[in-house]
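Chain identifiers are assigned alphabetically (A, B, ...) following the order of the sequence lines, protein sequences preceding nucleic acid strands; residue numbering begins at 1 within each chain. Reckoned from all heavy atoms, side chains included, excluding hydrogens, waters and symmetry mates.
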Amino acid sequence: MAASVSIRVHPVVLFSICDAFTRRKEHQDRVIGTLLGVVDGNVIEVKNCYVVPHNESSEQVMVDVVHHKTMFDLHQRVAPHEVIVGWFATGPELYNSDALIQEFYSKESAHPVHIVVDTTLRDDKFAIQAYTSRVLSLGDKTLATEFVEIPCETIFGDIERVGAELMLTGFNDPSPEAKKDTVNKSFNDEAETLAASMQRLADLVARASDYVDSVNSGKVQGDPAIGRYLADTLALVPHLAKPDFERLFNESVQDSMMVTYLSDLLRAHVALAERLGTAALPIM
Amino acid sequence: MASVAEVLAAPPKHKELVKNVQLEGQVLLKIMQHCNEALPQVVTGQLLGLDVGQQLEVTDCFPFPAVVPEEEGDGEDNYQLQMMHRLRDVNVDNNTVGWYQSANFGSFQTVELIDTFMNYHENIKKCVCIIYDPQRSARGTIALKAIRLKESFVDLHKEGKMTLKGFREANLSWRDIFVELPIKLRNSNLVQALVASLAPAPTATQADVERLNLSTAPFLERNIQSLVECVDDIVQEQQKVTMYHKNVARQQQLFSAWLAKRRQENAQRAQDGQEPLPEEDPAQFRPIAEPSMLDNYLVTNQISTYCDQINLAASEAIQKLFLMEGMQKAGL
């Protein structure tokens, strides 16, 4: 099974690893920790992690087993469905001692995976690599542990995506002042972001129609897959006759107005009650 | 943990109040993950961080287990303590600065919340509660709020004067229970690099899709339903007050009748040359406890939250509808 396993990492895990790395002890090169998640067939979903203190020299490595066990028990109480799926380490590459740690984690999980997050940003890249191990043995004798790289991707839940995008849009503007503003705005103002969303939608439509135009004029070779996507999307747009649309439109607007009116009425009640100094809603 | 908090809230800084909250990206994601997974259950967790003058920096958090095991009475405390110790071992700021909780459709103003706040206040002067609303967030905006209690309300609560009179003397209205704090997001440079490498800014984001969704009816419906429940609650609270006034009036009536009778009796006794009976209030005319106004105020707060949400959602819906109209007209 080892070869066909793939890993999906939730962004929160990577965030935690980075945070742990910035909080490492003095003179410590890297941090390691346990990964928690769920195994579904050949896909391992990594949802959570925690740091385990360790000590390593060129010869040996010490992992704080008590810490590891307690943290696992504590996490189990919150999310009993999450099990140990492997461990992570930071750094540009694999270390010699990794085999020992891998051996330790094989006791905790049937097929532990090892994720290496390159926090040194070598080659200006944030490399995330996942490995699983294979034992090389000759007869009954174990010779070595081989790490095999396996595919690893970052996945976002719908809402996590919104959160990550929030951070992303906040960071697009380099000046710190602007950053602060964006963040505050996106937390509070729903109406204003609508305009931005609409703008992006219009841009997308324009891009699609540009593409279609250039295919029609023969400038670009058409891609059937894109064509099919476009056709499917267009088929989803409802075609409403004008009177139908107007009826729908008016009904919806009236509904919304009605609701606004009701809530305003109630607010007026509350304000009135406050002025009158009674706790009661006056006209009810 | 209390000692650390006490040191930090040392006398000179004591008077300073939290003005804003700074969240770290991982905290936001952790809260979101925990709250969304637990839906529709309401969950809570602890916030860890530092307080720097008027700013409260939340740098880490951990979730609380949903069910406290029965066998140990102090299960939660134990869990909390152990978790904090373990986190301290790996250099996390282990200083409680508050807690977070999920709220369905913005319903968080409860007596329990106030009680929790008061509990925290005993040890930590500066504590905040972060309210995260998973349902509203599913509509494309992160609904996150940081609140704390107003100091004057805390004082009033400590004195136990939760009556209409108490509130009025302290000049507090229902608006003055909670203070909402602005939230800032901050990430270390390393995390910023991570975010940038994770996802290059897409042309249309998931948030856009959710935001442009035309159907707001279910959300509005739920909100209105909750609002109606709130109004029912407040009417009930009102009945309590009316009952109290009725009871007081009846008691007074009974008392004056009794007093008149006693005076007559005493006049009779004076004629007979006997000792007069005391005109004091006997045990049966003990003053009736005035109902607490806390519930009422909280429900009012709740109503105002719902109204805001409804107004926002409705105006948004109208905006979208007009956008639709524009598009339809352009298309035809």
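- Considering all non-hydrogen atoms of both residues, A/Lys47 and B/Gln33 come closest at O-NE2, 3.1 Å.
- Rounded to the nearest 0.5 angstrom, B/Met83 CE and A/Leu74 CG are separated by 5.0 Å.
- For a residue to count as touching a neighbouring chain, one of its non-hydrogen atoms must lie under 4.5 Å from one of that chain's; by this rule A/Tyr50 does not touch chain B.
- Within the 4.5 angstrom heavy-atom criterion, no atom of A/His54 approaches chain B.
- Heavy atoms of A/Thr22 lying under 4.5 Å from chain B belong exclusively to its side chain.
- Once rounded to the nearest 0.5 Å, the distance linking OG1 of B/Thr300 with NE2 of A/His269 reads 13.0 Å.
- Taking the side chain as every heavy atom from C-beta outward, B/Met324 and A/Phe245 approach each other to under 4.5 Å.
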Open item on the list: Show, in sequence, the C-alpha distance, side-chain angles and deciding distance for B/Gln82 and A/Asp73, and conclude whether the side chain to side chain contact (heavy atoms under 4.5 Å, CB included) test is met.
Closed with: CA-CA 10 Å; B/Gln82 280 197 356; A/Asp73 286 345; over 6 Å; no
Task: Derivation and outcome, side chain to side chain contact (heavy atoms under 4.5 Å, CB included), residues A/Val12 and B/Met32 - done: CA-CA 10 Å; A/Val12 60; B/Met32 276 163 61; over 6 Å; no
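- The nearest pair of heavy atoms linking B/His34 to A/Val78 is NE2-CG1, 4.0 Å.
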Run the side-chain donor-acceptor check on residues 221-237 of chain B: report pairs under 3.5 Å with partners two or more places apart or on a different chain.
| unit_1 | atom_1 | unit_2 | atom_2 | d |
| --- | --- | --- | --- | --- |
| B/Asn223 | ND2 | B/Gln309 | OE1 | 3.3 |
| B/Ser226 | OG | B/Arg222 | O | 2.8 |
| B/Glu237 | OE2 | B/Lys240 | NZ | 3.2 |

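- Taking every heavy atom of both residues into account, A/Thr260 and B/Ala314 meet most closely at OG1-CB, 3.3 Å.
- Summarising the geometry, atom CG belonging to B/Leu29 is positioned 11.0 Å from atom NE2 belonging to A/His10; distances are rounded to the nearest 0.5 Å.
- Interface remark: B/Phe322 contributes backbone and side-chain atoms alike to the contact with chain A (heavy atom separation under 4.5 Å).
- Taking CZ of A/Phe249 as the start and CG of B/Leu321 as the end, the distance is 6.0 Å to the nearest 0.5 Å.
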TODO: Check the pair B/Glu325 / A/Glu246 against side chain to side chain contact (heavy atoms under 4.5 Å, CB included), numbers first and verdict last.
DONE: CA-CA 8 Å; B/Glu325 197 200 21; A/Glu246 263 168 20; 5.8 Å; no
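- In this structure, CZ in A/Arg77 is found 11.0 Å from CZ in B/Phe64, a value given to the nearest 0.5 Å.
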Open item on the list: Show, in sequence, the C-alpha distance, side-chain angles and deciding distance for A/His75 and B/Phe62, and conclude whether the side chain to side chain contact (heavy atoms under 4.5 Å, CB included) test is met.
Closed with: CA-CA 9 Å; A/His75 274 100; B/Phe62 62 85; over 6 Å; no
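- Using a 4.5 Å cut-off between heavy atoms, A/Met258 does not touch chain B at all.
- Residues meeting the side chain to side chain donor-acceptor pair (under 3.5 Å) test with B/Asn311, sequence neighbours left out: A/Ser263, A/Asp264.
- Contacts between A/Ser16 and chain B at a heavy-atom distance below 4.5 Å involve backbone atoms as well as side-chain atoms.
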